[in-house]
Amino acid sequence: MERADRTDMDAFVERVEQGSDIVDVISHYVTLKRKGNRFWGCCPFHQEKTPSFSVVPEKGFFYCFGCHAGGNVFKFLSLIENVTYFEAIKLQAEKLGIPLPERPKSAQEKAREQRLKDLLKVNDMARTFFHNCLTMTHMGEVGKTYFAGRGISMDTIEEFGLGYAPNAWDKLTKAFLARGVPQAFLLEDGLAMERREGQGIYDRFRNRVMIPIADERGRVVGFGGRVLDDSKPKYLNTKETVLFNKRRLLFGLDRSHQAIRQAGYAIIVEGYMDAISVFDAGVKNVVASLGTSFTAEHCKKLLRYAKRFYFCYDSDEAGQNATIRALTVVRDSGAEVRVIVVPDGKDPDEFIRKHGADAFRALVDQALSLTDYRLRYVLSHVDLQSFDGKMRALHEMLPVLATMRSVAERSELSKRLAQTLLMDEGIIREETARAARNPQLLWQEAETVGPAQRAAAQYTRRASQRADSALQKAGRIVLHAVWEEPSLLDHALSMIPLEDIPDDVQRSIFTYLKGVAAGGGGFDSTQLAAALGDEAAEELSRAMVENEGGTEEGQQKSGIAAYSDAIARLHRAYLKQRYERLSREATEASTSGNLSGMAEKLKELTEIKKEMDG
C-alpha cells in the first residue's frame, strides 16, 4: 500500500473510532447497567447468570472477567458478528455513513473480486431456481412429498431455502444460458458438467432434493443433493471449488451461531439432513459436517461461539468410529466434549421422526462425558473374558487416563477399570504413568492430532491457562498507568528493562509502546491490535478495565499509589532474578579460575543486595 493510501486508511479508522460510542454499540447486543464509572452486563460470549462483562466508556474498552474476552469497540463487533477485525471497522463505518477510502487495485485483483462475485451470484440464482422448482411447479411435488415424509415443515423449507432439481438433463443449464450466464460459470460452480461426447453441458444435479450450503456469512457456496430413490450416490455435494471447501464448512452455522452462543454449546451431527431435522425440532444450536470427518478447521470455527461440543453421530458402527475420530481431533482444543447417544442404531433424524423433539432433548440432557463414552465404546469392542481383550481395553483407555488433569477423576476411573477388567489397580496406575510420558502416540489416528488442533482453541483457553500471578497483576497496573500517562513509560523501563519483564504478552505490549513513543506517535488500541494480535489486545483491555474504579480524584490517588506499589514489586522481582543470575555466574567464574571475573560479579552482587535490603 502506498504511503498516501496508508495515511487515508489511518484517518478513516480514526474517524470511525471517534464516531463510535462503545456503550451504544454494545447495548445493541447486551443489556448494560451503569455502576459508578462503568457498565455491567451478562457476557454474550459465554453463558452466565451473574454479570461479569464490564465496559469502561471513558477508556473505550470492554472486558469479561469470566471468559477473558476483551478489546475495543471493533474487537467486540468482530467477535459478536463473527467477522475479521477490519470487517468490523467497515461494518461500523457503514452504520455511521463513513465511506471507505478507495485504494487503487491491480487488474488481477479486480478480476478476481469480480469472478468471486459472479460465482456467488450464480449460486444464489441456482438456490432460487431449485427452491421455485420445489414450491411452485408440478415437478417439485415429489420433493415436497419427500420432505413431508421426513417431517420437515414448510417453515423449515423456507428457512433453509430447500429445493428440488428436476428429473431432466438440462433444465437448469438451458434456463441459465438463456439468461446470459456464461457456461464457464456453471462449470466452475459445479452446477453443470461437460458432455463426454459432442459439445455442450448438462445439469450435475437431477431428480434430487437440494440443500443450499452457505458459509458462516450466509453466502451460498455450494449445494448438496439427496436422491429420492435407490440411485447412487445417495448424497451428492458440489465439487471442491474456489468457494466450496468441505474441510472448512459447517452446514447451518450461518443460522445457528447465535443459538450456539446463547446455549453455550454446539450440537454436531453427521449430515445436513440430520441438522435440518434437529433444527426443525426446535433445537437451533446444531451444525453438520459435509461428508467428511470433523476437522481442526471445523473445531476452530465453533470455538469462536462456544467451548462445549455435543457430538451426535449415528449410533451404528460407522457412526461410533466417526465419533471416536472426531473426539481425537477435539481433545487437545480446550473444548469440553460430550456425546449424545442415540439408541437403537438410529441417526438423529430417524430418532426425532419416531420419538419426537422432546425425546431428543432428553438425549441431549443425558449426554455422556468423553470418559464415559470412550469407556462404553471400548468395553463394547473387546472380549473381556480373555486376557488379551482386557489388555486391549486398558490400552485403549490409557490416552484418556494419561491426559486427565484431575487426580480425583483419574483415580476414580482407575478404580472403575480395575473393577470392570478384574485387574490390579496398581498395574493400571503403573501403565497410566508410562503412557503419560507420551500420550500422543496412544490415540487412534494420532497423525490427526497436531499443532493445528492444539492451536484451534487458542483464543478461548489462553487467558485461563496463563497463571495469573502477582507479577502479572502488577504488570497490568503499570500498563494501565503508562497507557493513561505515556510519560511514565521511561520511568517504568528504567525500573525493569524490557527483556526482564516476566510476562511474554505484557513484554510485547511494552516493546510496542516503546517503539510508538520513540516515533513520536500516540497510543492507539486499534493499531496495537493490528500490530500484536488478539492476545495482546485482550491483555490491554483487562489492564484498562480491571484497574478502573472510584471517583476521578480517587482514581488519580489510587492510580499513583497502585503504580508505585506495582513497579516496586516488579523491580524487586527483577533484582532478585538478576541477583540469582549473577550468583551463578560468580560461581562459574570461581570454578574456572577467573578470579577477576568473580570479583566483578561479587561487586555487582553487593550493590544489588544493598538495593534489595534498602
Matching residue for Y265 among Y305, Y310, F309 - test: ring-ring contact (aromatic ring centres under 6.0 Å, His included):
Y310
Taking atom CZ of R195 as the centre, does the number of heavy atoms from other residues, nucleotides or ligands within less than 6.0 Å exceed 12?
yes
Less than 4.0 Å between a side-chain N and a carboxylate O, is that true for E297 and R247?
yes
Strictly under 6.0 Å, is that where the ring centroids of F205 and Y164 end up?
no
Within 45 degrees of the ring normal and closer than 6.0 Å to the centroid, is that where the cationic atom of R127 sits relative to F223?
no
Could E113 and K110 be called an ion pair, given the rule that one side-chain N must be under 4.0 Å from one carboxylate O?
no
Taking S541 for its side chain and G71 for its backbone only, find out whether a donor-acceptor pair lies under 3.5 Å.
yes
Between F62 and F39, is the ring centroid distance below 6.0 Å?
no
Interatomic spacing from CE in M273 to CD1 in I211 - rounded to 0.5 Å:
5.5 Å
Rounded to the nearest 0.5 Å, how far does CD of E538 lie from NE2 of H68?
10.0 Å
I'd like to know if the side chain of D229 and the backbone of S231 have a donor-acceptor N/O pair within less than 3.5 Å.
yes
Please check: side-chain N/O of E109 versus main-chain N/O of S106, any donor-acceptor pairing under 3.5 Å?
yes
Could you grab the distance from atom OG1 of T241 to atom CG of L191, nearest 0.5 Å is fine?
9.5 Å
Would you indicate whether the side-chain heavy atoms of L177 and L186 approach each other to under 4.5 Å?
yes
Counting C-beta onward and ignoring hydrogens, is there a side-chain heavy-atom pair between D170 and T173 closer than 4.5 Å?
yes
Taking the side chain as every heavy atom from C-beta outward, state whether L236 and R204 have any pair of such atoms under 4.5 Å apart.
yes
For R248 against K301, the heavy-atom pair lying closest together:
O-CE, 2.5 Å
Can you tell me if Q114 has over 12 outside heavy atoms packed within less than 6.0 Å of its CD?
yes
Side chains of L303 and K300: closer than 4.5 Å at any heavy-atom pair?
no
So, does R261 use its side chain to make a donor-acceptor pair with the main chain of I80 at under 3.5 Å?
yes
E159 backbone acceptor or donor facing T156 side chain under 3.5 Å
no
CZ (F360) and OG (S277) are apart, to the nearest 0.5 Å, by 10.0 Å
Under 4.5 Å between any side-chain heavy atoms of E535 and E539, yes or no?
no
Measure the CG-CG distance between L250 and D215 for me, rounded to the nearest 0.5 Å.
11.5 Å
Mutual orientation of the aromatic rings belonging to F160 and F279 [parallel < 30°, tilted 30-60°, perpendicular > 60°]
perpendicular
Is the closest side-chain heavy-atom distance between F61 and V55 below 4.5 Å?
no
For G225 against M210, the heavy-atom pair lying closest together
CA-SD, 3.9 Å
Does some side-chain heavy atom of T238 sit less than 4.5 Å from a side-chain heavy atom of I213?
no
Determine the interplanar angle of the F311 and Y313 rings, folded into 0 to 90°, and report it as parallel if under 30°, tilted if 30 to 60°, perpendicular if over 60°.
perpendicular
Using only atom types and a distance under 3.5 Å, with no angle test, would you say the side chain of S20 pairs donor to acceptor with the backbone of V16?
yes
Taking D254 for the side chain and A214 for the main chain, is one N or O donor matched with an acceptor at less than 3.5 Å?
no
So, T128 side chain and D124 main chain: donor-acceptor pair closer than 3.5 Å or not?
yes
Point-to-point distance, once rounded to the nearest 0.5 Å, from OH of Y63 to CG of L540
11.5 Å
Is the backbone N or O of W169 less than 3.5 Å from a side-chain atom of R206, with the two atoms forming a donor-acceptor pair by type?
no
Check whether any side-chain heavy atom of F76 lies under 4.5 Å from a side-chain heavy atom of P44, and answer yes or no.
yes
